[in-house]
Amino acid sequence: GYIQACRGLMISAVCLGFFGAVFGLIGMKCTKVGGSDQTKAKIACLAGLIFILSGLCSMTSCSLYANRITSEFFDPSFVAQKYELGAALFIGWAGASLCIIGGSIFCFSIAENSNSPRRGYAYNGATSVMSSRTKVHNSVPDKTPPKHFDKNAYV
């Protein structure tokens with residue numbers, strides 16, 4: 001029975017993770033699907049909540065299975081084959097933790113959106129040594145020919 005519960009929780013975690021990824025893609029600022037920035041922020045927050053729920057389902061499944069394994073392992077009256085905690089459980093816990101952390105970051109991205117408006121920065125153009133020198137010493141023209149740098153000059 002507990003294996004069926006763990007299987008159901010893992011399948012629901014995978015399905016929730018898929019829908020969280022779809023909502024996360026729709027809620028990104030770089031996509032044109034999803035409407036305005038406020039709507040995209042709400043969709044991204046929804047994706048974060050779905051990722052957190054997916055991580056909790058996976059964490060619950062791994063913890064339930066690990067609890068059963070440890071209780072059978074330390075039970076002296078249990079005579080069947082005993083199992084130990086394996087790499088799959090640790091990978092499951094790590095994946096669930098990353099899913100919860102990623103969902104939290106998605107949820108906190110909506111708070112960053114509403115507090116500070118995006119500022120644009122003006123592009124002043126690239127400056128070289130020669131152009132900055134001529135800007136500073138504008139009154140004295142430089143008669144030296146421009147130096148050509150090869151790739152070793154920057155190393």
Salt bridge (charged side-chain N to carboxylate O under 4.0 Å, His left out) contacts in which one or both residues fall within residues 85-96, not counting sequence neighbours
none
Hydrophobic cluster membership, L64 vs I3, 4.5 Å side-chain cutoff
no
Show me the side-chain donor-acceptor pairs of residues 41-52 shorter than 3.5 Å, one per line, residues at least two apart or across chains.
none

Mind checking side-chain hydrogen bond (donor to acceptor under 3.5 Å, both in side chains) for S71 and listing every partner two or more places apart, or none if nothing turns up?
none
Under 3.5 Å donor-acceptor, K40 side chain and M28 backbone:
yes
Among residues two or more places apart or on two chains, list those pairs meeting salt bridge (charged side-chain N to carboxylate O under 4.0 Å, His left out) that have a residue in residues 53-71.
R68-E72
Cut-off 3.5 Å, side chains only: do T39 and S36 have a donor facing an acceptor?
yes
Listed pairs under 3.5 Å, donor-acceptor, residues 5-19 side chains, sequence neighbours left out:
residue : atom : partner : partner atom : Å
S12     : OG   : G8      : O            : 3.2
S12     : OG   : L9      : O            : 2.8

Hydrophobic cluster membership, I100 vs I105, 4.5 Å side-chain cutoff:
no
Would you compute the distance between atom NZ of K29 and atom CG of D37 and round it to the nearest 0.5 angstrom?
6.0 Å
When the side chains of residues 85-99 are checked against the rest of the protein, which donor-acceptor pairs come out under 3.5 Å, sequence neighbours left out?
residue : atom : partner : partner atom : Å
W93     : NE1  : S63     : OG           : 3.3
S97     : OG   : W93     : O            : 2.9

